[in-house]
Amino acid sequence: MNPTPPANNLTLDPENWDQIRQTGHQMLDDMLTHFETLRDQPVWQQIPDDTKKSLNEDLPMDGTPIEAVYEQFQKEIFPYPTGNVHPRFWGWVMTNGSATSMLADMLASGMNPHLAGYEQSASLIEKLVVTWLAKLVGFPETSGGLLVSGGTMANLNGLAVARNAKAGYDIREEGMQGDGRPELTVYGSSETHNWVYKACELMGLGRRAFRSIAIKGDYSIDVAACRSAIVADIAAGKKPFCLIGTVGTVNTGAVDDIIALRSIADEFDLWLHVDGAFGSLVALAPEYKHLAKGQEMADSIGFDLHKWGFMSYEIACTLVREQQGQKETFEQAASYIASSERSLSVDITFFADRGLQLSRSFRALKAWMCFKEQGITKIGNIIQQNIEQAQYLENLVVGNDVLELIAPVTMNIVCFRYSDRTKNAEDLNKLNMEILMRIQETGLAVPSQTILEGKFSIRVCLTNHRTRYEDLDMLIDGVVKQAENILKN
Ligand SMILES: Cc1ncc(COP(=O)(O)O)c(C=O)c1O
């Protein structure tokens, strides 16, 4: 006898589709209006204590109508973001996103495919996007790669492939625990982003495996010092395996001499990985593509699309020149993810075998949609515009007696400070910290900070497709006014 099914089937689908449709349309309208009116809003604002308290709720055991949940979102969540969608946000290396990118994310989330691989349109799109990206950064058609969540993960993937290829023993089997194995070492400038420490620690290499090489006056790696460090390490019985060159350092946008690093890598049979988190895409800017010269010679490269690709978080890419390198590093067989001859399960782990993640989202859709709708030419022209805006800002600083440029402007980052030359170094640092906080607190703009040669710097990173030249005038005005106010009191 067949069992009698229970009368009710629980589901998370709405009872009333018209109602959710209406709320969904409202959400979309509100977000587009937000983009349209950004200039009239503060870049950032402090979250009031009441709001913090109100958001600290108990776990909701029972549901609430979506309209009420959305109302709370509008009141308590939406007004207090990082601010990076705004035209005057230049902190760290962030970006705005775009309406198209947001819509693509919604569609990807709605389709909700699983991108381990599989025979499906989403896999075709990711394969296509990876091919496009290889072309953009000058990698050969035979290279391979995958999309990941961000630059840190992209670089970690590259470093893991490097170690597997160059360790000189079966690192997947023995790990870092094999008896009598030499200490593996990796080289990059002292301006290398701190992802490298996370990666070395996580990979069991330890922080000290990263050899932090001195920089030159332009903040790029001192190639001769790098070579000497490798020679000394070999003489001391270590096993150098990877060089890291950065195209666009996080502090100042400096570019390492990738061609020189390539020749050292060849001389000592090392892997060359390029961290081009934001800088790699300078290859799209018609008059500045030379800045990324040599990146096409790397063995692997990691770069973001959520920085100078202007897409919403999270999306980045790792490319490997010899595509089997990723598979040799990450492939794991298991009966429950085995491929079949036909049907959905052909190529079931095509992407999962190239990186750490098994369950992967359809982030490729936003790259596909943004590239198609915006066109590479326009994206490249906006990257170029950002570089020219950085040069404009540099000139504003240099032309102003009370301001001081702290580092050369190579690309899209300007580091400067208010410099009342009567003050000592420590007071100047405090003064500029105070100026920066006030600029953020008044909602005028969000630059961030760094310290270069002991000098606290107001750091402006232009990876913003909404910035206009007049926004930079407003920043300089604001900095000078805040400094005068502070000094008056
Ligand atoms: C040069 C460089 N490398 C790596 C990263 C890390 O990238 P993500 O924040 O996407 O993990 C950054 C972030 O700003 C960066 O500027």
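Order of appearance sets the numbers: ligands from 1, and atoms from 1 within every ligand.
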Of all pairs that satisfy salt bridge (Lys or Arg N to Asp or Glu O under 4.0 Å), the ones with a partner from residues 455-466, not counting sequence neighbours | Glu404-Lys455
When you measure from the side chain of Asp256 to the backbone N and O of Ile258, does any donor-acceptor pair fall under 3.5 Å?
-> no
Is the NZ or CZ atom of Lys430 positioned over Phe456's six-membered ring, under 6.0 angstrom from the centre and within 45° of the axis?
-> no
Is there a donor-acceptor contact under 3.5 Å linking the side chains of Thr37 and Gln41?
-> yes
Using the benzene-type ring in the case of Trp, are the ring centres of Tyr197 and Phe210 under 6.0 Å apart?
-> yes
Quick check: does any side chain N or O of Asp233 sit under 3.5 Å from a backbone N or O of Lys238, one acting as donor and the other as acceptor?
-> no
Could you pull out every N or O of ligand 1 that sits under 3.5 Å from a protein N or O, with the distance for each pair?
residue  : atom   : partner : partner atom : Å
ligand 1 : 3 (N)  : Asp275  : OD1          : 3.3
ligand 1 : 3 (N)  : Asp275  : OD2          : 2.7
ligand 1 : 7 (O)  : Lys307  : NZ           : 3.1
ligand 1 : 9 (O)  : Lys307  : NZ           : 3.2
ligand 1 : 10 (O) : Gly151  : N            : 2.7
ligand 1 : 10 (O) : Asp304  : OD1          : 3.1
ligand 1 : 10 (O) : Asp304  : OD2          : 3.2
ligand 1 : 10 (O) : His306  : NE2          : 2.9
ligand 1 : 10 (O) : Lys307  : NZ           : 2.9
ligand 1 : 11 (O) : Gly151  : N            : 3.4
ligand 1 : 11 (O) : Thr152  : N            : 2.9
ligand 1 : 11 (O) : Thr152  : OG1          : 2.7

